Amino acid sequence: MSLTFKTLGRGRRVAAGSLIAVTALTLSACQNGTDGASKSSSAAAPATSSANGAPSAGGSAQSAGNGARPSGVAKPSAGSSGVPSASKANPSGMTDPDRCTAANMSLHMGRTDIGAGNIRVPLVFTNKGKKACSLRGFPGVSLIQRDGSSVGTPASREGGAGGSVRLQPGQSAHAVLHTVNEGVSDIPCWKNSQIVFVYPPGSKDSMTTGSSGLRVCGGTFTVTTVEAGVPS
């Protein structure tokens with residue numbers, strides 16, 4: 001009986017010791033797990049709000065501004081990527097207080113006229129404002145790519161300066177871009193353009209429109225003075 005009680009007592013002490021050890025390990029594991037989670041959370045960069053309210057990791061993502069352009073079209077700016085400034089594009093000087101500005105006009109290319117080895121395309125300005133305005137002289141015209149890089153050099157002037165054109169709201173005027181067909185001259189053609197970059201007469205603010213792939217050949221790229229109306 002004495003031996004039995006000693007054995008039982010020893011077994012109880014071993015069991016109690018095991019229970020204490022298991023409890024200590026459990027508490028340690030819980031504490032380590034909590035600390036690890038805290039460290040993991042603190043290591044991650046906090047989300048911040050971008051300008052448009054969308055979250056961005058670490059605040060590093062940049063949101064598109066209000067002036068975001070269509071996909072694939074870079075914003076061309078004068079003097080960058082080879083796009084000429086107004087002085088290099090050489091629009092006519094015009095100080096009339098009622099002159100038409102880039103802000104109150106729209107711009108598009110008219111119907112291409114091909115004949116006798118020549119290619120002529122009207123560049124059409126339309127008064128989209130609420131008041132009449134005037135245009136006089138030559139626009140400054142360049143051809144560029146969608147990334148803003150220039151194609152060739154700005155158009156040179158062709159013909160006389162002409163007179164002033166008065167545009168009522170909704171009325172249009174045009175200048176004519178001129179080049180020649182491939183093969184007319186041994187001078188190599190420029191690569192195809194994607195955008196026409198234009199300074200209206202008297203303006204340092206630019207306008208753009210699609211060029212319909214206009215390609216200059218024979219070293220000929222000119223623009224006429226502004227005339228009233230749109231060629232039929």
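Since we're looking at a predicted model, the values are computed, not measured. Counting begins at 1 with the first residue of the sequence.
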Point to revise | Shared hydrophobic cluster for V124 and L107 (ILVMFWY, side-chain gaps under 4.5 Å) | key: no

Check your understanding: Is V151 reachable from V216 through a run of I, L, V, M, F, W or Y residues, each pair having side-chain heavy atoms under 4.5 Å apart?
Key -> yes

Is there a side-chain contact between [X] and [Y], using heavy atoms and a 4.5 Å cut-off?
X    : Y    : result
R215 : E182 : yes
L214 : L143 : yes
N118 : N181 : no
D205 : T101 : no
P154 : S142 : yes
P200 : P139 : no
M109 : V196 : yes

Exercise for review: Kindly state each residue pair satisfying ring pair (Phe, Tyr, Trp, His ring centres under 6.0 Å) with at least one member in residues 201-232, sequence neighbours excluded.
Suggested key: W190-F221

Looking at [atom1] of [X] and [atom2] of [Y], how far apart are the two atoms once the value is rounded to the nearest 0.5 Å?
X    : Y    : atom1 : atom2 : value
L123 : T209 : CG    : OG1   : 7.5 Å
C100 : L167 : SG    : CG    : 4.5 Å
R166 : D98  : CZ    : CG    : 4.5 Å
L135 : E227 : CG    : CD    : 12.5 Å
Y199 : S85  : OH    : OG    : 6.0 Å
R136 : S92  : CZ    : OG    : 8.0 Å

Which pair of heavy atoms, one from [X] and one from [Y], lies closest together, and at what distance?
X    : Y    : answer
S172 : V230 : CB-CG2, 3.6 Å
S185 : G218 : CB-CA, 3.6 Å
T208 : F197 : CG2-CD1, 3.7 Å
G219 : I187 : N-CG2, 3.7 Å
V223 : A175 : CG2-CB, 3.9 Å

Practice item. In sequence, state the C-alpha distance, the side-chain angles, and the governing distance for V176 and V121, and then conclude on side chain to side chain contact (heavy atoms under 4.5 Å, CB included). Key: CA-CA 6 Å; V176 178; V121 189; over 6 Å; no

Report yes or no: does [X] contribute a side-chain atom to a donor-acceptor pair with the main-chain N or O of [Y] at less than 3.5 Å?
X    : Y    : value
H174 : V226 : no
S211 : Q194 : yes
S193 : I195 : no
R111 : S232 : yes
N127 : G129 : yes

**Study point:** Result of checking T220, T225, T222 against E158 for side chain to side chain donor-acceptor pair (under 3.5 Å)
**Key:** T222

Point to revise | Member of L177, V184, T112 meeting the side-chain contact (heavy atoms from CB on, under 4.5 Å) criterion with I119 | key: T112

Review point. Does a side chain donor of either D96 or S134 reach within less than 3.5 Å of an acceptor in the other side chain?
Key: no

Practice item. Would you check if there is a donor-acceptor pair between the side chains of S149 and D147 at a distance under 3.5 Å? Key: yes

Check your understanding: Could you walk me through whether S203 and R99 pass the side chain to side chain contact (heavy atoms under 4.5 Å, CB included) check?
Key -> CA-CA 9 Å; S203 178; R99 69 178 176 82; 3.8 Å; yes

